[in-house]
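What follows is a set of notes on a single structure, which appears directly below.
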Amino acid sequence: MAESLPPPIPLSSARPPRREWAPRRLARHLMDTSARAGILSRPLFGRLPARRWVPSEVHSLLDYRGGVLALVAGQLSSNPVARRAGRVLGACAIGLALVTDTRLSVAKLVPIEAHEVGDYVLGKAAVLAPFVLGYARTNPVVAAVHVLVGLSSIGVALVTDYRCVTGMHLGGERLTDPEGIGA
């Protein structure tokens with residue numbers, strides 16, 4: 001007895017594969033923790049970040065957001081010192097994000113570990129700037145924005161799953177992905 005196969009489906013009636021909804025595709029891309037997402041950074045001081053649960057791409061988006069917030073808050077101030085501080089903080093944050101070795105940067109010039117150190121330095125500078133430069137009393141809204149941007153920069157840096165694209169690390173290149181997110 002020969003088994004009969006069902007007749008082939010004509011190509012004209014076959015359904016094309018469904019396209020993935022754009023926001024879902026973006027979310028899947030941003031939350032990717034596979035080896036395709038990049039190469040893990042070496043922990044700063046052997047310990048930091050404490051727990052890696054923020055994807056590197058989300059961190060990059062938050063860097064751009066923080067830089068824009070610091071820049072815009074400074075520009076809206078009537079105090080020239082607060083304006084200059086906002087310009088410097090915003091330009092440094094955006095500039096560092098643009099040249100770091102990540103998937104959402106323009107040029108891959110800065111190793112990911114150096115970017116992490118820059119996050120802590122910029123965060124501390126943003127927190128201290130209103131008090132050191134003296135615009136905390138005259139422009140409390142701008143000062144609050146700068147302090148919040150600095151604290152969020154430090155907080156997010158502590159829990160980011162830093163990954164690079166090209167394998168460029170401080171102290172040499174590492175071309176393998178030894179562990180998964182959260183390890």
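Here the structure is a predicted model, which means the values were calculated and not measured.
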Can any side-chain N or O of K108 pair as donor or acceptor with the backbone N or O of T102 at less than 3.5 Å? yes
Are a donor atom and an acceptor atom from the side chains of D101 and H115 found within less than 3.5 Å of each other? no
Would L62 end up clustered with L148 when hydrophobic side chains under 4.5 Å apart are linked, directly or stepwise? no
Please find the pair of heavy atoms, one from I154 and one from K124, that lie closest to each other, and give the distance. CD1-N, 3.7 Å
Hydrophobic clusters here meaning ILVMFWY residues chained together by side-chain heavy-atom distances under 4.5 Å, can you tell me if L122 and L109 are in one? yes
Side chain to side chain, P130 and R137, heavy atoms closer than 4.5 Å: no
Taking atom CG of D63 and atom SG of C92, what is their separation to the nearest 0.5 Å? 12.0 Å
I'd like to know if the side chain of S153 reaches the main chain of V149, judged simply by a donor and an acceptor atom lying under 3.5 Å from each other, with no hydrogens or angles considered. no
On a heavy-atom basis, which atom in Y64 and which in L104 lie closest, and how many Å separate them? OH-O, 2.8 Å
Going hydrophobic residue to hydrophobic residue with side-chain gaps under 4.5 angstrom, can you get from L89 over to V72? no
Where do G118 and L96 come nearest, in terms of heavy atoms and distance? CA-CD2, 3.9 Å
Taking it one step at a time, do V127 and L151 satisfy side chain to side chain contact (heavy atoms under 4.5 Å, CB included)? CA-CA 7 Å; V127 169; L151 290 175; 3.9 Å; yes
Testing the basics here: between H146 and A82, what is the closest heavy-atom pair and its distance to 0.1 Å? CE1-O, 4.1 Å
If I compare all heavy atoms of S105 with all of A97, which pair ends up nearest, and what's the gap? CB-O, 3.4 Å
Take L61 and E57, measure what side chain to side chain contact (heavy atoms under 4.5 Å, CB included) needs, and give me the verdict at the end. CA-CA 6 Å; L61 293 173; E57 289 76 19; 5.8 Å; no
Are V142 and L133 connected in a single hydrophobic cluster, I mean Ile/Leu/Val/Met/Phe/Trp/Tyr linked by side-chain heavy atoms less than 4.5 Å apart? yes
Nearest atoms (heavy-atom pairs only) where S77 meets N139: OG-ND2, 3.1 Å
State plainly whether one hydrophobic cluster holds both V147 and V132, where clusters connect Ile, Leu, Val, Met, Phe, Trp and Tyr through side-chain heavy atoms under 4.5 angstrom apart. no
Between atom CZ of R103 and atom OG of S60, what is the distance when rounded to the nearest 0.5 Å? 9.5 Å
Donor-acceptor pair between R87 and Q75 side chains, under 3.5 angstrom: yes
